[in-house]
J.: 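The structure's right below; bear with me while I get my questions together.
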Amino acid sequence: MYKMNTRVRYSEVDQNRMTTMTQVVNYFQDCSTFHSEDIGVGLDYLYQQHRAWLLLGWQIEVERFPTFGESIDIGTWAYEFKGMLGYRNFDIVDQQGKRIASANSIWTYIDTDTNHPVKPEGEAILKYELNEPLSMEYLPRKIKVPNELIEKEPFQILKMHIDTNHHVNNSKYIEFALEYLEKGFVIGRMRAEYKQAAVLGDMIYPKISKEQDKVVVALNNEEDKPYVVVEFTRKKEV
């Protein structure tokens with residue numbers, strides 16, 4: 001397992017002094033990026049090989065969100081490579097040793113010249129030490145989008161949304177989707193299915209479905225095909 005210790009910064013919390021789901025995703029993304037960097041298959045290696053790992057899906061389970069000033073340990077490990085896919089778990093542990101968030105993620109390895117998936121080979125996978133998968137309920141990657149959706153105001157992708165792969169970073173879609181949650185909706189689970197990449201200047205046409213304990217946000221293109229589908233499930237009261 002690769003671990004990263006950090007302290008929750010003021011810039012990472014909301015008006016309630018708690019991190020948001022976007023920040024949890026950023027913690028996980030940073031941890032996995034540093035993991036790859038530290039074992040020699042990071043950004044420079046991928047650039048030289050004309051390769052990239054692209055995220056296909058998140059499933060994040062949250063017991064509670066980290067709070068301002070709190071010290072936390074973020075962990076990640078690969079647990080399987082299969083064909084053109086890679087599977088990686090994450091967790092966040094507080095200073096009492098309690099796991100407060102956990103995640104599963106699915107990635108695909110692509111040739112950046114063709115944008116087609118390819119099978120990772122050699123150092124691209126051999127440098128990762130596989131560990132046992134987390135004991136959790138693994139839900140399907142695909143998210144069912146309800147038939148009846150409410151259209152929201154479209155918006156344009158700006159430079160601030162773009163990452164080193166020259167498209168919208170995966171956490172930005174989560175940030176977009178969070179805007180459609182009502183006040184008081186406490187997230188217990190978030191799933192995201194990434195279907196295609198939005199780039200600078202693209203328009204996003206959001207559509208949402210709200211149930212009592214679940215909100216589905218489809219962030220679509222002008223042809224009504226989703227870039228990403230995000231599903232939020234309300235935390236159950238104990």
Side-chain angles (χ1 to χ4, degrees), residues 1-2 25-61 74-91 102-145 157 161-174 177 190-199 202 218-221 223 225-231:
M1 179 190 296
Y2 182 86
V25 169
N26 282 330
Y27 285 149
F28 290 159
Q29 180 174 227
D30 289 343
C31 190
S32 63
T33 301
F34 284 136
H35 181 197
S36 297
E37 288 290 324
D38 287 358
I39 62 174
V41 287
L43 294 180
D44 288 342
Y45 170 85
L46 293 170
Y47 180 79
Q48 291 165 6
Q49 300 295 318
H50 299 261
R51 298 289 187 266
W53 284 103
L54 295 186
L55 185 63
L56 294 180
W58 279 118
Q59 178 188 340
I60 300 178
E61 309 284 339
I74 305 155
T76 188
W77 60 98
Y79 67 86
E80 184 179 13
F81 293 100
K82 187 176 181 180
M84 295 173 285
L85 302 179
Y87 298 82
R88 182 188 279 273
N89 282 144
F90 298 84
D91 67 3
S102 55
N104 185 48
S105 61
I106 306 173
W107 305 73
T108 186
Y109 201 57
I110 70 158
D111 181 326
T112 54
D113 292 329
T114 65
N115 284 324
H116 291 155
V118 293
K119 185 177 180 179
E121 296 177 332
E123 288 185 323
I125 57 175
L126 292 177
K127 287 205 171 184
Y128 291 99
E129 181 180 345
L130 297 183
N131 285 275
E132 290 296 315
L134 269 175
S135 178
M136 61 183 285
E137 179 187 8
Y138 288 83
L139 298 177
R141 176 172 65 87
K142 294 187 178 299
I143 299 171
K144 184 177 180 180
V145 179
I157 296 302
H161 304 136
I162 304 300
D163 66 13
T164 59
N165 291 316
H166 307 293
H167 55 59
V168 176
N169 185 264
N170 76 86
S171 70
K172 295 297 184 182
Y173 295 105
I174 309 305
M190 189 278 291
R191 297 166 64 209
E193 180 187 358
Y194 297 86
K195 291 176 172 287
Q196 59 178 321
V199 298
D202 282 347
L219 299 171
N220 296 350
N221 64 14
E223 298 175 348
K225 296 185 183 301
Y227 292 110
V228 180
V229 178
V230 184
E231 177 191 87

J.: Please tell me if the side chains of Ile110 and Thr108 come closer than 4.5 Å, counting only heavy atoms from C-beta onward.
T.: yes
J.: Has the side chain of Gln59 got a donor or acceptor atom that lies under 3.5 Å from a matching backbone atom of Glu137?
T.: yes
J.: In the structure I gave you, are the side-chain heavy atoms of Val25 and Asn170 within less than 4.5 Å of one another anywhere?
T.: yes
J.: Do the side chains of Glu123 and Gln49 get nearer than 4.5 Å, heavy atoms only?
T.: no
J.: Search all heavy atoms of Ala124 against all heavy atoms of Tyr109 and return the closest pair with its distance.
T.: CB-OH, 3.5 Å
J.: Closest approach of Ile39 and Lys127, non-hydrogen atoms and distance?
T.: O-CD, 2.8 Å
J.: Whether the Ser36 and Tyr128 side chains hold a donor-acceptor pair (N or O, under 3.5 Å, no angle test) is what I'd like checked.
T.: yes
J.: Which word best sums up how the rings of Phe90 and Trp58 line up, parallel for under 30°, tilted for 30 to 60°, or perpendicular for over 60°?
T.: tilted
J.: Could you check if a side-chain atom of Ile162 sits within less than 4.5 angstrom of a side-chain atom of Ile157, using non-hydrogen atoms only?
T.: yes
J.: Heavy atoms only: give me the nearest Pro140-Arg191 pair and the separation to one decimal.
T.: O-NH2, 2.6 Å
J.: Taking all atoms of both residues into account, what is the closest heavy-atom pair of Trp53 and Pro120, and its distance?
T.: CH2-CG, 3.8 Å
J.: What is the ring orientation for Tyr194 with Tyr173, classed by angle as parallel under 30°, tilted 30 to 60°, or perpendicular over 60°?
T.: perpendicular
J.: Counting distance only, does the side-chain N/O of Asp111 pair as donor-acceptor with the main-chain N or O of Asp113 below 3.5 Å?
T.: yes
J.: Is there side-chain contact between Tyr79 and Leu130, with heavy atoms separated by less than 4.5 Å?
T.: no
J.: Give, for atom CG of Asn165 and atom CG of Leu46, the distance between the pair rounded to the nearest 0.5 Å.
T.: 9.0 Å
J.: Rounded to the nearest 0.5 Å, what separates atom CD in Glu132 from atom CE in Met1?
T.: 11.5 Å
J.: Are more than 12 heavy atoms, taken from residues, nucleotides or ligands other than Phe34, located less than 6.0 Å from that residue's CZ atom?
T.: no
J.: Taking Arg88's backbone N and O only, do any of them form a donor-acceptor pair with Ser105's side chain (distance below 3.5 Å, no angle check)?
T.: yes
J.: Looking only at non-hydrogen atoms, find the nearest pair between Lys172 and Val168 and report the distance.
T.: CB-CG1, 3.7 Å
J.: For atom OH of Tyr138, decide whether the heavy atoms of other residues, nucleotides or ligands shown that lie under 6.0 angstrom number more than 12.
T.: yes
J.: Could you give the distance from CE (Met136) to CG (Asp91), rounded to the nearest 0.5 Å?
T.: 10.5 Å
J.: Say whether, by atom type as modelled, one donor and one acceptor occur between the side chain of Asp44 and the main chain of Gly42 under 3.5 angstrom.
T.: no
J.: One thing to verify: whether Glu121 and Lys119 come together as a salt bridge, which I'm taking to mean a side-chain N less than 4.0 angstrom from a carboxylate O.
T.: no
J.: Please examine the side chains of Ile74 and Asp30, heavy atoms only from C-beta on, and report whether any two atoms are closer than 4.5 Å.
T.: no
J.: If I take atom CD from residue Glu80 and atom CD1 from residue Ile125, how far apart are they, to the nearest 0.5 angstrom?
T.: 11.0 Å
J.: His167 vs Leu54, test: side chain to side chain contact (heavy atoms under 4.5 Å, CB included). Steps then yes/no.
T.: CA-CA 11 Å; His167 55 59; Leu54 295 186; 3.6 Å; yes
J.: Could you tell me the separation between the NE2 atom of His50 and the OG1 atom of Thr114, rounded to the nearest 0.5 Å?
T.: 11.5 Å
J.: Could you check whether any side-chain N or O of Glu193 sits under 3.5 Å from a backbone N or O of Ile143, counting only pairs where one atom can act as donor and the other as acceptor?
T.: yes
J.: Assess the residue pair Val230 and Val228 against the criterion (side chain to side chain contact (heavy atoms under 4.5 Å, CB included)); give the C-alpha distance rounded to whole Å, side-chain angles, the decisive distance to 0.1 Å, and a yes or no.
T.: CA-CA 6 Å; Val230 184; Val228 180; 3.8 Å; yes
J.: Does the side chain of Ile60 reach to within under 4.5 Å of the side chain of Phe28, using non-hydrogen atoms?
T.: yes
J.: Looking only at heavy atoms, which two atoms of Leu134 and Ser102 are closest? And how far apart?
T.: CD1-CB, 3.7 Å
J.: Check step by step if side chain to side chain contact (heavy atoms under 4.5 Å, CB included) holds for Val199 and His166.
T.: CA-CA 7 Å; Val199 298; His166 307 293; over 6 Å; no
